[in-house]
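For the single chain, residues carry numbers from 1 onward in sequence order. These numbers come from the heavy atoms of this one structure, side chains and all, not from hydrogens, waters or symmetry mates.
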Amino acid sequence: MEALTEIDQIFINGKFVTPNGTDTQDLFDPSTAKVIGRVRLGDATDADNAVRAAKAAFTLYSGYTIEQRKSVLEKIYHAISANQDKLNEAAVAEYGSPMAATKFRTSLAAQFFLDASHALDEIEFEKKLDKAIIIKEPVGVVAAVTPWNADYIHMCGKIAPALAAGCTVVIKPSEFNAIETQLLTECFRDAGIPDGLINVVNGTGAVVGSALSSHPDVALVTFTGSTQTGKTISRSAADTVKRLVLELGGKSPNILLDDCDFEAAIPRALLIAFSNSGQACHAGTRLIVPEHRLPMVSGLLTDAVNKLKIGNLYADDAQIGPMVNAQQYQRVQSYIQKGIDEGATLLAGGPGHPDGLEGFYVRPTVFTNVSSDMSIAREEIFGPVLSVLTYRTEEEAVSIANDSIYGLSAYISSGDAEHAKQLAKKIESGRVIINSVVNAEPKTPFGGFKQSGIGRTGWTYGIEMHLEPKVIAF
């Protein structure tokens, strides 16, 4: 039996230290459901120590020049880039991500720091306006709380803009990703940046997350995760009127217009819905199609699902991995059963494991004859489950798309791009992607309407969220 990986330290003020907290949690390989490690969790005292270190470091770092901040960001970029192989292996083992997807995400995580460095050239930190000067200053200590789906991207995506703005950071990553977090934190240590700029405290949201979101010396909380948790953070942060950047849940619509290329749009729809094994806030899990096209769409979906590559995470063509843990596996199973119980038609997949696979693998599942009042059409499942809804007119398609408490992402497929652009303006969503799987322009803001969040992340937008304007009048 291989030895377990023991994570028994947290990172405060440039050093790995033993946490005050004594609770532990097992870490699993999702592809086998076997325990591969154990993490010791921090507590409110550890959170306070980390904030104190960040506050002390902020006194010096907030005065850094743009060139000095760029140097910090570029050092971290190089440290992560030099360790990509180790980081990739950990993500496959601990999160169950296919290696091909992991390589992309690790590379992107490193790139965030380089992008933030370049974005500093686009921000006007001081502007003269008649008899006044407007100065943009770093907001202060930032508390970042990140989820378990793509650990490196979420951690780096929050740290990079904060450091670029001149802020210091305390981050509470998901306790389910402690092995990945440890390796990434070692990169921060080895980058040779000043102590206290980045502090990492493993722990639960109820303990460490709560302590950070209510701490009087934290100026801004940035969070990615469920809308329910985002509401809890908002309430906790209200007493000290903290700034908030909340990237929350989604139930993204994907409208196929009658003039689209269905042979191309259906495989693309599965990529959109099952991105990151369905564990993605932007996943397009509501496929909205013309009613008279449903028989054809059903046939194309069945063929496309049967071609998906599931398991064998090291294969170049692997597309679907397991759920992160037993809790998430059971959650997805419960929604598949809800879909059946509520009367939707099970087109593909269903309860249980894919043939020959155990661990926390879920059968990629597609339901047709779904109505907007069903749980599988309204609630974020966070697994490979796609609901197909039908419309008779484009106005009805838009109405179905907007019939949600969420508004993070949306997708449209059409043979007429200009028409699709006009339709996109009617969709209540932070972004609408036409005839593609991803947004091809990395400089655009990312965030949602309605209960999908507050604020935006992204290049200059992410940095701006960490700045406060000050007016000096004369």
Side-chain angles (χ1 to χ4, degrees), residues 2 5 25-37 88-105 147-151 153 174-180 267 269-285 287 301-341 344 346-367 375-376 379-387:
E2 293 186 10
T5 300
Q25 178 176 286
D26 288 339
L27 305 169
F28 293 86
D29 175 347
S31 67
T32 64
K34 293 180 179 178
V35 176
I36 58 173
N88 293 339
E89 288 287 343
V92 174
E94 185 181 44
Y95 176 53
S97 171
M99 177 60 84
T102 291
K103 286 181 178 179
F104 168 76
R105 294 190 189 106
W148 41 259
N149 61 325
D151 186 58
I153 281 183
S174 170
E175 61 273 25
F176 300 124
N177 301 116
I179 297 173
E180 298 162 77
L270 286 185
L271 289 177
I272 292 169
F274 297 163
S275 170
N276 202 17
S277 306
Q279 298 174 128
C281 55
H282 57 79
T285 53
L287 185 62
L301 280 169
T302 300
D303 291 342
V305 170
N306 289 336
K307 293 176 182 176
L308 290 173
K309 303 297 183 181
I310 308 167
N312 191 7
L313 300 176
Y314 288 91
D316 291 338
D317 60 352
Q319 294 170 286
I320 306 289
M323 301 297 93
V324 68
N325 55 32
Q327 179 183 1
Q328 187 62 20
Y329 173 83
Q330 292 299 335
R331 173 184 170 85
V332 177
Q333 293 296 315
S334 72
Y335 273 104
I336 292 173
Q337 190 59 50
K338 279 184 183 179
I340 295 170
D341 294 343
L346 183 62
L347 181 70
H353 296 89
D355 292 343
L357 294 172
E358 296 298 328
F360 304 135
Y361 283 97
V362 169
R363 298 175 68 193
T365 297
V366 179
F367 285 102
S375 299
I376 56 172
E379 299 173 20
E380 187 175 37
I381 299 172
F382 233 59
V385 180
L386 175 64
S387 296

Within the distance-only criterion (no hydrogens, no angle test), does the side chain of [X] pair as donor or acceptor with the backbone N or O of [Y] below 3.5 angstrom?
X      : Y      : value
Ser334 : Arg331 : yes
Ser277 : Gln279 : no
Thr365 : Arg363 : yes

Report task. Report, as yes or no, whether the 6.0 Å neighbourhood of atom CG on Asp355 holds more than 12 heavy atoms from other residues, nucleotides or ligands. Result ->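 It does not: Asp355 CG has 12 such atoms or fewer within range.
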Identify the heavy atoms of [X] and [Y] that sit nearest to each other, and give their distance.
X      : Y      : answer
Met323 : Pro384 : CE-CD, 3.5 Å
Tyr361 : Ile310 : CD2-CG2, 4.0 Å
Ile381 : Val332 : O-CG2, 4.1 Å
Pro351 : Gln337 : CG-OE1, 4.2 Å
Ala93  : Pro30  : O-CD, 3.5 Å
Phe176 : Gln25  : CD2-NE2, 3.3 Å

**Report entry** Intermediate values then yes/no, side chain to side chain contact (heavy atoms under 4.5 Å, CB included), Leu301 and Leu386
**Finding:** CA-CA 10 Å; Leu301 280 169; Leu386 175 64; 4.1 Å; yes
Output the distance between atom [atom1] ([X]) and atom [atom2] ([Y]), rounded to the nearest 0.5 Å.
X      : Y      : atom1 : atom2 : result
Ile336 : Asp341 : CD1   : CG    : 12.0 Å
Asp151 : Glu94  : CG    : CD    : 7.5 Å
Ser97  : Phe104 : OG    : CZ    : 11.0 Å
Thr5   : Leu27  : OG1   : CG    : 8.0 Å
Thr102 : Glu89  : OG1   : CD    : 9.5 Å
Ile320 : Leu270 : CD1   : CG    : 8.5 Å

Measuring only between side-chain heavy atoms, which start at C-beta, is [X] closer than 4.5 Å to [Y]?
X      : Y      : value
Val92  : Ser31  : no
Leu271 : Gln319 : yes
Phe382 : Gln328 : yes

Requested in this report: Measure the acute angle between the ring planes of Phe360 and Phe28, then classify it against the limits of 30° and 60° as parallel, tilted or perpendicular.
Outcome: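 The rings of Phe360 and Phe28 stand perpendicular, inter-plane angle above 60°.
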Query raised in the report: Can you check side chain to side chain contact (heavy atoms under 4.5 Å, CB included) on Phe367 and Leu347, steps first, answer last?
Result: CA-CA 5 Å; Phe367 285 102; Leu347 181 70; over 6 Å; no
**Report entry** Polar contact flag, side-chain donor to acceptor under 3.5 angstrom, Glu180-Tyr95
**Finding:**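 No, because no side-chain N or O of Glu180 sits under 3.5 Å from a partner of the opposite role on Tyr95.
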Report task. Could you go through the side chain to side chain contact (heavy atoms under 4.5 Å, CB included) check for Tyr335 and Val385 one step at a time? Result -> CA-CA 9 Å; Tyr335 273 104; Val385 180; 5.7 Å; no
